[in-house]
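One structure is given below, encoded as structure tokens.
A note on names: the letters A, B, ... follow the listed sequences, proteins ahead of strands, and every chain is numbered from 1.
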Protein chains: 2
Amino acid sequence: MRRHARGATKLRVMFGTEIAIGPGKAELLRHIARTGSISASARRMGMSYRRAWLLVDTMNRCFREPVVASAAGGSGGGGARVTAFGRKVLERFDAMRRRVDRALDPELERFAGLLR
Amino acid sequence: MRRHARGATKLRVMFGTEIAIGPGKAELLRHIARTGSISASARRMGMSYRRAWLLVDTMNRCFREPVVASAAGGSGGGGARVTAFGRKVLERFDAMRRRVDRALDPELERFAGLLR
DNA sequence: GCCCGTTATATCCGGCGGTATATTACGGGC
DNA sequence: GCCCGTAATATACCGCCGGATATAACGGGC
């Protein structure tokens, strides 16, 4: 999986020194929304469950409300879901990304010409 | 030194998996332009010479032309200068940063309200 | 020709981020 | 009450990034 195209930009929203949300956490949120599971999302993204859980934990700590609600036990052994608040966070982050892409479109094209 | 304000954004321009330029490398370039020395810049930024040199090396490898030209020996023991090409890179990166800040200004304000 | 401060490179080492693994808790289905 | 798959947590281990240190090359000043 190609992570970053040549000359692409990466946007992160910082909360102090921690990354409240960035490309990776946003993708993780989308996986959790689709699979309803942190561990399944971790497998699909090729990362350890521990890392996925830490990313979720960081997000839940950075934002005013949890972006992911999880439950252990129950049908299917439990699961995790993206809260309505989490969907809003994701929507706004994606909107920010689109804005950045549009705003940088002319600049970035020229800037990429400076790269090897 | 507070590195990132609450809810601030961070922009990086990727070259494959490497960071061609970001906030840290941009600041390093500005220091080199002022001091004419990699080691002096490293001291001022509180990092090792090794790290500063590696950052410069990464930039020089990512871009089509060197952004820093250096010389060992000579008056003052040598030194480093930011090339005209490097100044252009820095100018354009700063312009991109400003564009991002302006484009995200309304979004970011609302997004910050979602943070703790 | 020696001194000096810098660039450039190599080596060693500690901390940290990450994986891998194991263990426990949980709760619905059967 | 057992099974199952997940969440949640702890532990051990490893690789890598970065700092600290040492050394060599360099070239102008004196």
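Between B/Phe111 and A/Phe93, the ring planes are tilted. Angles from 30° to 60° get that label.
Across all non-hydrogen atoms, the minimal contact from B/Ile32 to B/Ser41 is N-OG, 3.3 Å. When all heavy atoms of B/Arg97 and B/Pro23 are compared, the pair lying nearest together is NH1-CG, 4.5 Å.
A donor-acceptor pair under 3.5 Å is absent between the side-chain atoms of B/Arg92 and the main chain of A/Glu107, judged by distance alone.
Under the side chain to side chain contact (heavy atoms under 4.5 Å, CB included) criterion, B/Glu18 pairs with B/Thr58, B/Arg61, B/Cys62, sequence neighbours left out. Partners of A/Ala71 by side chain to side chain contact (heavy atoms under 4.5 Å, CB included), not counting sequence neighbours: none found.
Within residues 79-88 of chain A, no residue has any heavy atom closer than 4.0 Å to DNA chain C. The stretch residues 32-42 of chain A does not touch DNA chain C, since none of its heavy atoms comes less than 4.0 Å from the strand.
Looking only at atom types and distance, the side chain of A/Ser37 has a donor-acceptor partner in the side chain of A/Ser39 under 3.5 Å away.
Taken from CZ in B/Arg12 to NZ in B/Lys25, the straight-line distance is 8.0 Å, to the nearest 0.5 Å. Distance check, rounded to the nearest 0.5 Å: CG of A/Asn60 to OG1 of A/Thr83 gives 7.5 Å.
The distance between atom CZ of B/Arg43 and atom C1' of C/dT6, rounded to the nearest whole Å, is 9 Å. The nearest whole Å value for the distance from the CH2 atom in B/Trp53 to the P atom in C/dA10 is 9 Å.
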Side-chain donor-acceptor pairs under 3.5 Å in residues 47-56 of chain B, sequence neighbours left out?
from	atom 1	to	atom 2	distance (Å)
B/Ser48	OG	B/Arg51	N	3.2

What does nucleotides 16-30 of chain C look like as a protein-contact string, B for base, S for sugar-phosphate only, - for none, at under 4.0 angstrom between heavy atoms?
--SBB-----BBS--
